[in-house]
Structure formats: C-alpha cells, structure tokens
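Remarks on the structure that follows.
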Amino acid sequence: MKERTFRQDHLLGIEHLSVDDIETILETAEAFIEVSSREVKKVPALKGKTVVNLFFENSTRTRSSFEIAAKRLSADLINFNSSVSSLKKGETLKDTVLTLEAMNPHIIVIRHSASGSPHYLTTFARSSIVNAGDGFHEHPTQALLDALTIQQRLRTLRGLKIAIVGDILHSRVALSNILLHQKLGNEIALIGPPSLVPAEFAKLGATVYYDIRRGVRNADVVMMLRVQAERGARNYFPSIREYRNLFAIDRKIFSLASRRAILMHPGPINRDVEIETSMADSDESVILQQVTNGIAVRMAVLYLLKGEIHETLN
Amino acid sequence: MDEKIKAKIMDDKKMKRTLQRLAIEILERNREADKLALIGIQTRGVHIARRIQVLIKELEGIDIPLGILDITMFRDDLHKHEQQPAVKKTRIDFPIEDRDIVLIDDVVFTGRTIRAAMDSIFELGRPATLQLAAFIDRGHRELPICPDFKGKYLPTSRRERVKVILQEIDGKDEVLIMEPKGF
C-alpha cells in the first residue's frame with residue numbers, strides 16, 4: 001500500500017487540491033468514521049491545538065460540524081460570533097484575524113460572504129486556514145463529504161454521471177462539486193433555469209440542461225440545491241410554483257436516473273420546493289448520511305492540516 | 001535512507017514454528033477461551049494476529065475474535081512530524097469489557113506504540129487482562145513495557161531496523177535485520 005502525504009498548508013478550495021490530496025482526505029475520513037461510532041467519541045490526536053471558528057455568515061450545521069469534529073479530536077475550539085464581535089464596531093477583517101492570531105490558534109475555519117476571503121487571510125496569517133464557504137466561490141468540505149457519501153453508497157468515485165440541479169450560479173456547493181468531479185473525470189450535468197445556470201459553466205467541462213428530465217437521465221448521483229431565497233434567488237425565476245413545476249425532484253423524474261442512483265442535498269432542504277417530501281425521506285436519499293460524514297471529513301481536514309505555517313508574525 | 005540487509009534471521013519455516021509456539025503459549029495462559037480476544041496493531045501486527053487466530057482454530061477448534069487497532073491518533077509524537085502520519089482503520093466489533101485481550105504486534109522496540117495502543121484500548125472499555133505478544137523483541141525500551149509472549153528476542157543496535165516480511169503484504173515470509181548503507 002502506498003503511503004500518502006498531504007502537503008497543503010490550507011484548505012481554500014477544491015481548486016488547489018490534487019486527486020491524490022482528495023483521496024488522502026477521504027481515506028483519512030474513513031478511518032475517523034469509527035471514532036464517531038464509539039461510546040467515548042474522542043481521541044487525543046489534536047490535544048493542545050486550538051481551532052477558531054470564525055463565521056461571518058449565519059450557519060448552524062457547518063459550524064456545529066466543525067465544532068464536533070475539533071472536539072472529537074481533543075482540540076480546543078473557540079466560536080467567534082461575528083454578530084457580537086468588534087466587526088460591528090468597525091474593525092477590519094484583517095485586524096480581527098490579527099487579534100485572534102495573537103492568541104496563537106493553529107487553525108482558523110472561516111465562513112465569509114466575500115469570495116476569496118480565506119485566500120486573503122493566508123497572505124498574512126500564520127495559522128492554517130480552512131474555507132467553510134466563501135461567497136459564491138467554494139465550500140470544499142461540503143464537496144468532500146459529498147464525495148465520501150458517494151463512495152460509500154456506490155463503491156466508486158469514477159465513471160459516474162453527476163447531475164446538479166438548481167441555483168448553480170450562486171452555489172459554492174455546486175462549484176466545489178463541479179471542480180471535484182472534473183478532477184476525478186466524472187460526467188457533470190448542470191440543470192436549472194437559464195438565469196441560474198449560465199452557459200459559461202460549460203467551460204468547466206459540464207453539460208448544461210434546462211430540462212430536468214434530460215439532465216438526470218442515467219445519472220448516478222442527483223444533487224439538489226436549495227433555492228436560496230435569502231440571496232435573492234427568487235429574482236431569477238417568476239415564481240416558486242413555476243420553479244417547483246419545472247425543477248423539483250419527484251419519484252417520476254428520479255426514476256429516469258440510473259437504477260443505483262442516490263439523491264443528495266447539502267441542506268437545509270425546502271420540502272416541496274426543490275425536493276418532494278416523499279423523495280427526501282426515501283431509501284435513495286442520503287441527506288442524513290451526508291451530515292454524519294461531514295464530521296469525519298472535517299476531522300480529517302483538521303488532522304491533516306498542521307497549523308503554525310510560519311514561525312513568527314512580525 | 002538507503003539500507004542493506006545485514007542478516008536474515010528467520011525463513012518461512014522458522015516463522016511458522018514460532019507462530020505455532022506463540023499460539024500454544026497464548027492458549028496455555030488463557031484457559032477460559034471464551035473470554036479471549038486478539039487485537040492486532042496496524043498493519044503487520046494485524047496479519048500476525050490473523051495467523052495466530054487461524055492456528056488457534058486448528059489447534060483447539062475455537063474461533064477467537066480478532067480486532068484491528070490503528071494507534072496513530074494516540075501517538076505521543078504527532079506534534080513532531082513534518083506531515084501528519086496516515087490514519088488507518090480501527091475495527092473492534094466485540095465488547096472488550098471483562099475480556100482477556102492479547103495485543104499483537106510484529107516488532108516491539110521503544111514501547112511507545114504499545115503505550116498508545118493501551119491508551120486507545122482503555123478508551124473502548126475495561127478489559128479483564130491486557131497481554132502483549134510481540135513476534136520480535138528488539139530491545140531498546142524507553143517505557144516500562146515487557147511482552148508476555150515473545151516470538152524471538154533479537155538484540156540489535158539502534159541504527160539497525162528489523163523487518164518482518166509477510167506473505168500477505170510482501171509475498172514471502174522472512175525476518176531481516178537491515179542497516180544503513182556505508183556502515
């Protein structure tokens with residue numbers, strides 16, 4: 001067996017990872033799944049390390065998932081809540097991060113509405129930076145946990161057709177998944193109204209469909225995206241009712257996919273908007289397995305990133 | 001580091017005899033076979049443990065449960081590595097509470113792996129007894145740890161390395177002492 005090495009200082013996006021990096025993270029995550037099945041769900045691997053959750057956007061599931069992952073590895077975790085922080089008092093992002101770094105954390109997990117903000121942090125921070133979602137750009141741990149779930153259910157990550165349905169334009173989940181499956185050589189179908197699936201996405205090696213029936217045909221994975229009302233997604237189509245009629249997944253449409261197909265959703269789901277409620281609870285739905293795998297993937301990422309990139313901060 | 005073979009200590013026949021003796025000794029010490037369980041330490045310890053499990057089955061006709069343990073997460077040197085060592089799978093699908101557990105590894109050296117394995121096992125429960133079987137004991141202990149069952153005691157110098165070569169991984173069985181080239 002080949003011993004793998006992971007040489008990344010940060011996890012900014014799938015864009016920067018090699019196929020080898022992706023496989024190392026997934027293999028490590030598989031080993032960490034066992035920890036969460038124990039009675040005592042804790043190992044000392046990151047004892048003495050400090051992880052900061054720096055979330056500038058509302059998030060419950062991703063933040064809690066990173067929190068549980070850090071704690072199961074015995075790291076100390078600090079939740080930095082932007083709504084009660086100094087940012088409200090006019091402090092810049094850089095000053096906030098420099099202040100946090102003066103407390104010597106090893107890893108900073110950041111979610112920010114500005115695309116590229118995690119990358120900006122790496123220009124001056126000495127901690128390892130983990131992108132937990134930046135604007136409309138990337139959400140790498142989501143794509144990795146999706147990949148782990150696909151691998152568990154379909155026993156492979158190669159030779160697949162991945163159909164992604166919904167608001168591709170505003171979705172960092174979609175972009176990270178597109179980049180990941182493009183690296184693995186899988187076929188990618190993007191489905192949604194033209195306003196939310198610009199033809200430019202074909203440049204990423206994907207095929208664009210405006211008809212869900214054609215797009216999901218023979219797909220091995222059907223990935224539904226949430227209609228992000230809070231990002232103004234509703235301005236891109238006439239009505240929720242029309243969107244549901246054209247792009248929601250139900251049993252009839254799902255039956256066009258491959259016989260072994262699985263149904264995914266990054267959550268939170270809007271029942272009976274993008275996903276019919278009986279489909280969300282069906283045997284083919286892996287939505288809750290995705291959440292469980294999120295912890296193992298984030299444990300793997302926190303474990304593999306060393307922290308303390310630069311010796312000193314001047 | 002470039003290495004060369006210094007000596008061949010065992011061939012496949014010798015290894016088989018030694019494994020048989022280890023299996024007998026383990027049975028001798030643990031008369032209540034239904035309480036007995038083996039745990040192999042990733043990766044070579046797992047294969048040694050599996051062979052001992054098969055030998056016990058041949059000798060007494062009983063199935064002894066076998067667990068797999070990866071100790072990476074319990075290492076005491078995680079902060080010292082340039083890159084984090086790869087984490088492998090742990091699978092112990094029987095309760096270890098009140099059992100007689102025999103930990104099995106291919107080589108015992110400083111004792112730090114065994115310390116990590118002990119910590120890891122006690123996170124899973126409280127065994128009745130915890131014993132250690134090492135196929136090769138090469139000395140140089142840094143911790144107060146001593147195997148209950150030894151395949152062979154092999155005095156070595158610190159710059160040497162003991163390689164237990166196994167059919168399951170390498171396609172043949174032998175034990176070698178390696179030394180750095182240029183010595």
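Convention: sequence-line order gives letters A, B, ...; per-chain numbering from 1. No hydrogens, no waters, no symmetry mates; every other heavy atom, side chains included, goes into these values.
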Judged by modelled atom types alone, do A/Asp21 and A/Ser18 share a side-chain donor-acceptor pair under 3.5 Å? yes

Intermediate values then yes/no, side chain to side chain contact (heavy atoms under 4.5 Å, CB included), B/Ile9 and B/Leu176: CA-CA 6 Å; B/Ile9 302 300; B/Leu176 304 175; over 6 Å; no

Name, in order of residue number, those residues of residues 56-77 of chain B that have a heavy atom at a distance of less than 4.5 Å from a heavy atom in chain A; otherwise write 'none'. B/Thr72, B/Met73, B/Phe74

Candidate pair B/Asp100 and B/Gln131, rule side chain to side chain donor-acceptor pair (under 3.5 Å), full reasoning: CA-CA 8 Å; B/Asp100 294 316; B/Gln131 303 155 39; 4.7 Å; no

Is A/Glu34 close to chain B through its backbone or its side chain, or both, or neither, when contacts mean heavy atoms under 4.5 Å? side chain

Pair A/Arg38 + B/Glu123: basic N to acidic O under 4.0 Å: no

Considering only heavy atoms, give the residues of residues 137-144 of chain A separated from chain B by less than 4.5 Å, sorted numerically, with 'none' for an empty result. none

Among residues two or more places apart or on two chains, list those pairs meeting ring-ring contact (aromatic ring centres under 6.0 Å, His included) that have a residue in residues 25-50 of chain A. A/Phe32-A/Tyr303

Counting heavy-atom pairs closer than 4.5 Å to chain A, which one of B/Leu78, B/Leu124, B/Thr90, B/Ile92 comes out on top? B/Thr90

With sequence neighbours excluded, give me every salt bridge (charged side-chain N to carboxylate O under 4.0 Å, His left out) pair touching residues 286-303 of chain A. none

Carboxylate-amine/guanidinium proximity below 4.0 Å for B/Glu174 and B/Lys172: yes

Does B/Asp148 come within less than 4.0 Å of B/Arg29, counting only side-chain N to carboxylate O? yes

Sidechain-backbone polar pair: B/His140 side chain, B/Thr156 backbone, donor-acceptor under 3.5 Å: yes

Chain B heavy atoms under 4.5 Å from A/Leu46: which part of the residue, side chain, backbone, both or neither? side chain

With a cut-off of under 6.0 Å to the ring centre and 45° to the axis, is B/Lys152 in cation-pi contact with B/Phe135? no

Check: A/Thr62 side chain, A/Ser59 main-chain N or O, donor-acceptor pair, under 3.5 Å: no

